[in-house]
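Working notes for the structure below.
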Amino acid sequence: MEPINLDKIRKKLKKKLDGHRYRHTLGVMYTSAALAMVYGEDLQRAQLAGLLHDCAKCVPDEEKLKRCKKHKIPISPLEKETPFLLHAKLGAYFAQKKYGVKDPEVLSAIRCHTTGKQAMTVLEQIVFVADYIEPLRDTAPNLAEIRRLAFQDLDRCTYQILKDTLTYLGQTPGKIDPATKKAYEYYRERIKKHG
Ligand code: DGI
Ligand code: FE
Ligand code: FE
């Protein structure tokens with residue numbers, strides 16, 4: 001595999017993000033690396049996915065919709081109503097087209113980082129979890145427990161994050177992406193089976 005120039009990508013990305021998002025992004029990149037050490041994943045790929053996961057986040061919502069239409073990225077009714085969700089799919093598109101990422105698993109980790117999905121690969125799970133626990137995050141409940149769990153049991157941690165996300169979203173009904181719901185059910189069953 002070609003070496004990944006994380007430094008070059010980071011410099012280019014910095015211009016596209018506000019300061020808060022950039023600092024969060026670095027947190028996700030390093031946390032992804034730490035989780036990759038625990039779970040035996042490639043550190044470069046984990047950092048690359050963490051670095052680019054929110055690369056489309058600072059595109060204004062109207063523009064997100066426009067860009068998705070232009071690039072033929074399908075928009076669900078929920079995404080039309082809640083365009084911030086599109087930053088994940090549009091981010092995967094940008095990662096490929098603007099940052100030259102070819103690795104399909106890195107692209108899919110970016111694509112599913114907001115909702116999660118059923119049967120994620122370890123790399124996808126790492127980015128999903130790192131996004132939630134990176135050091136600058138401070139509003140979610142149970143963060144101390146979820147952070148500890150992240151380094152001990154990735155499936156249980158993924159489940160807890162999905163559960164807490166659904167509880168949080170439960171206060172605004174009709175806004176849940178089917179992917180989030182399916183991911184939750186999948187990890188609930190998976191931890192039941194594997195204890
Ligand atoms: O982009 P970030 O803020 O770093 O993190 P993210 O991409 O994981 O987005 C977090 C938000 O996404 C959080 O407020 C919960 C929300 N979210 C996750 N799943 C769904 C969702 N929002 C809606 N409306 N529907 C979902 O299924
Ligand atoms: Fe995000
Ligand atoms: Fe993020």
Side-chain angles (χ1 to χ4, degrees), residues 13 16-18 20-29 31-32 48-99 101 103-121 123-134 136-141 143 146 157-188:
L13 178 68
K16 299 290 180 189
L17 301 177
D18 60 43
H20 165 76
R21 188 57 45 185
Y22 182 67
R23 289 188 291 277
H24 161 70
T25 285
L26 294 185
V28 176
M29 177 174 81
T31 304
S32 296
L48 180 62
L51 183 60
L52 287 172
H53 83 286
D54 272 343
C55 69
K57 184 83 178 185
C58 293
V59 173
D61 279 352
E62 270 308 305
E63 183 80 15
K64 282 191 191 83
L65 287 162
K66 254 194 236 164
R67 297 281 195 109
C68 284
K69 277 181 205 146
K70 184 172 166 197
H71 304 306
K72 308 244 175 342
I73 298 166
I75 303 168
S76 71
L78 176 66
E79 287 165 342
K80 195 171 173 188
E81 224 183 285
T82 323
F84 94 87
L85 285 169
L86 289 169
H87 79 275
K89 287 180 186 167
L90 192 60
Y93 177 86
F94 285 174
Q96 185 174 22
K97 299 288 177 188
K98 296 178 188 279
Y99 296 91
V101 176
D103 188 328
E105 204 183 337
V106 169
L107 296 173
S108 77
I110 298 171
R111 196 176 299 117
C112 74
H113 86 264
T114 301
T115 59
K117 66 175 183 184
Q118 297 171 82
M120 284 185 271
T121 64
L123 187 73
E124 288 167 345
Q125 262 179 293
I126 283 176
V127 177
F128 180 76
V129 167
D131 189 23
Y132 199 88
I133 67 166
E134 65 92 3
L136 292 174
R137 290 278 197 212
D138 61 358
T139 50
L143 258 182
I146 288 174
C157 182
T158 302
Y159 167 70
Q160 193 61 48
I161 291 171
L162 287 162
K163 186 165 181 261
D164 289 352
T165 299
L166 285 177
T167 303
Y168 166 73
L169 293 171
Q171 288 146 21
T172 45
K175 298 272 185 206
I176 293 164
D177 192 293
T180 309
K181 185 85 188 302
K182 281 191 214 154
Y184 166 73
E185 284 161 3
Y186 176 88
Y187 284 96
R188 186 189 58 201

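If you're wondering where the values come from, they're calculated on a predicted model, not measured in any experiment.
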Among residues at least two apart in sequence or on other chains, which ones pass ring-ring contact (aromatic ring centres under 6.0 Å, His included) with Phe94? none
Checking side-chain polar atoms at under 3.5 Å, does His24 have a donor or acceptor matched by the opposite partner on His53? yes
Given 3.5 Å as the limit, does a donor-acceptor pair link the side chain of Ser76 with the main chain of Glu79, or not? yes
Student check: side-chain heavy atoms of Cys112 and Met120 closer than 4.5 Å: yes
Rounded at 0.5 Å granularity, tell me how far CG in Leu13 sits from SG in Cys58. 9.0 Å
Nearest heavy-atom approach of Leu90 to Ile73 is CD1-CD1, 3.8 Å
Should Glu185 and Lys181 count as side-chain neighbours, where that means a heavy-atom distance under 4.5 Å? yes
If you apply the rule ring-ring contact (aromatic ring centres under 6.0 Å, His included), what do you find for Phe128 with His113, and how did you get there? CA-CA 5 Å; Phe128 180 76; His113 86 264; 8.6 Å; no
Is there a side-chain contact (heavy atoms from CB on, under 4.5 Å) between Tyr99 and Leu48? Walk through the geometry before answering. CA-CA 10 Å; Tyr99 296 91; Leu48 180 62; over 6 Å; no
If you take all heavy atoms of Lys80 and Ile75, which pair is closest and at what distance? N-CG2, 3.7 Å
Taking C-beta and beyond as the side chain, do Asp164 and Tyr132 meet within less than 4.5 Å on heavy atoms? yes
Using 0.5 Å steps for rounding, measure from the CD1 atom of Ile146 to the CD1 atom of Ile133. 9.0 Å
Value rounded to 0.5 Å, distance of NE2 in His87 from CD1 in Ile110: 10.5 Å
Side chains of Tyr187 and Gln125, heavy atoms from C-beta outward: is any pair under 4.5 Å? yes
Where Ala179 and Thr115 come nearest, the two heavy atoms and their spacing: CB-OG1, 3.6 Å
Are the side chain of Thr165 and the backbone of Ile161 linked by a donor-acceptor contact shorter than 3.5 Å? yes
So which heavy atom on Cys157 is nearest to which on Val129, and how close? SG-CG1, 3.8 Å
Work out which heavy atom in Leu136 is nearest to a heavy atom in Arg23; give both atom names and the distance. CD1-CB, 3.6 Å
Answer yes or no: is there a donor N or O on one side and an acceptor on the other, between the side chain of Arg137 and the main chain of Asp131, under 3.5 Å? yes
Using 0.5 Å steps for rounding, measure from the OH atom of Tyr93 to the NZ atom of Lys98. 8.0 Å
Looking just at side-chain N and O atoms, do Glu105 and Thr121 make a donor-acceptor pair shorter than 3.5 Å? yes
Shortest non-hydrogen pair, Cys55 vs Gly91, comes out as SG-O, 3.4 Å
Output yes when a side-chain donor or acceptor of Asp54 lies under 3.5 Å from a complementary backbone atom of Lys57, and no otherwise. no
Using the side-chain contact (heavy atoms from CB on, under 4.5 Å) rule, take Lys182 and Lys117 through it: C-alpha gap first, then chi angles, then the decisive distance, then the call. CA-CA 7 Å; Lys182 281 191 214 154; Lys117 66 175 183 184; over 6 Å; no
If you define the side chain from C-beta out and look only at heavy atoms, does anything of Lys89 sit under 4.5 Å from Cys68? no
Let's go through Glu81 and Lys175 carefully: what are the C-alpha distance in whole Å and the side-chain angles of both, what is the deciding distance for salt bridge (Lys or Arg N to Asp or Glu O under 4.0 Å) to 0.1 Å, and is it a yes or a no? CA-CA 9 Å; Glu81 224 183 285; Lys175 298 272 185 206; 3.0 Å; yes
For Lys64 and Pro83, indicate whether the former's side chain and the latter's backbone hold a donor-acceptor pair under 3.5 Å. no
